[in-house]
A.B. asks: 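This structure is in structure tokens; I'll ask about it shortly.
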Amino acid sequence: MTTDGMPRVHALRRGVPGRLPLVLLHGFPLDHRMWHDVTDLLPGEPTVLAVDLPGFGASPSGPDVAQALGADPAPSLEVMADGVAAALRGQGVERAVVAGLSLGGYVAMALVERHPDLVAGLGLIDTKATADDDAARRTRLEVAAQVRAEMRVDRVLGMRTTLLGATNRVTRPDLSERLERWTRDQGPLGLAWAQEAMAARPDRTQALRAYAGPAVVVVGEEDELSPVAAAQHMVDALADARLVVVPGAGHMTSNESPEPVASALQGLLARAQRADAAA
Ligand code: MLT
């Protein structure tokens, strides 16, 4: 396996050497740029790395990452996670605090399961550990088929509003405009592959039960896609998790209310740093 053909890791900030880096994994159908609102609020100490997942932003496609890994090319979050791990190791990162929003959270949970030594702290933001039910899986596969057939991203553009909470849908048109812009920048084949990968994902509650490190679970109170009950389910499965419920925000807490997300990640970094120093 080489590190060529691996996901692109953007160094948003070079922090104090010797500190655990923070690795950020974006949601669907976006790329690493969604994290800028949060990272602008983080203090200067940690190195901050934001990944473009396979098929998004500046990264190679899912099938190309699978080929570089020598893995099964079928769409999967396992390929995404293995690609992220290989890209990080290629940059000398053997241990990090990993945080992901929604799709990024699914990948973070796959990392915990498949690369537990890499994860010193786990941030799960507006995401869920459970698999799709049959209806959700069918819808994803229909969306993927339509996006592939049309070779356009239009079918997923409706997410520019459903990703937001009911309040911000009305009061923050600037946010839906940014979400639309970022979505239009993605390639249709990448979006289709990711939908198929999410449709195939297993329940990772057991992986959370097996993880003993520090974790934080953040959820927008108005998140309709990964609601508060899904966040509570992950907190219950984790040995050392804190729950942060963000009022007035939906699924995109990172952009609807970046302050509590930044402060949750700052707290997680401090806990992980202490736990690693004590080990
Ligand atoms: C996301 O924000 O990444 C998506 O809502 C994930 C999903 O479709 O399950």
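Atoms within a ligand are numbered from 1 in the order they appear, just like the ligands themselves. Quick note: numbers below take in every heavy atom, side chains included, and nothing from hydrogens, waters or symmetry partners.
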A.B. asks: What residue pairs, at least two apart or across chains, pass salt bridge (charged side-chain N to carboxylate O under 4.0 Å, His left out) with a residue in residues 23-32?
C.D. replies: D31-R33

A.B. asks: For residues 54-105, pull every pair meeting ring pair (Phe, Tyr, Trp, His ring centres under 6.0 Å), keeping only residues two or more places apart or in separate chains.
C.D. replies: H26-F56

A.B. asks: Using heavy atoms and a cut-off under 4.0 Å, could you grab the residues that are in contact with ligand 1, chain by chain, numbers ascending?
C.D. replies: G27, F28, S102, L103, Y106, R140, M159, L163, M198, L225, H251

A.B. asks: Count the heavy atoms of every other residue, nucleotide or ligand shown that sit under 6.0 Å from CZ of R13, and state whether that count exceeds 12.
C.D. replies: yes

A.B. asks: So which pairs with a foot in residues 72-81 pass salt bridge (charged side-chain N to carboxylate O under 4.0 Å, His left out), sequence neighbours left out?
C.D. replies: E78-R204

A.B. asks: Between H251 and S102, do the side chains contain a donor N or O and an acceptor N or O under 3.5 Å apart?
C.D. replies: yes

A.B. asks: Where do R169 and E222 land on the salt bridge (Lys or Arg N to Asp or Glu O under 4.0 Å) test, with the steps shown first?
C.D. replies: CA-CA 11 Å; R169 246 172 247 167; E222 298 176 9; over 6 Å; no

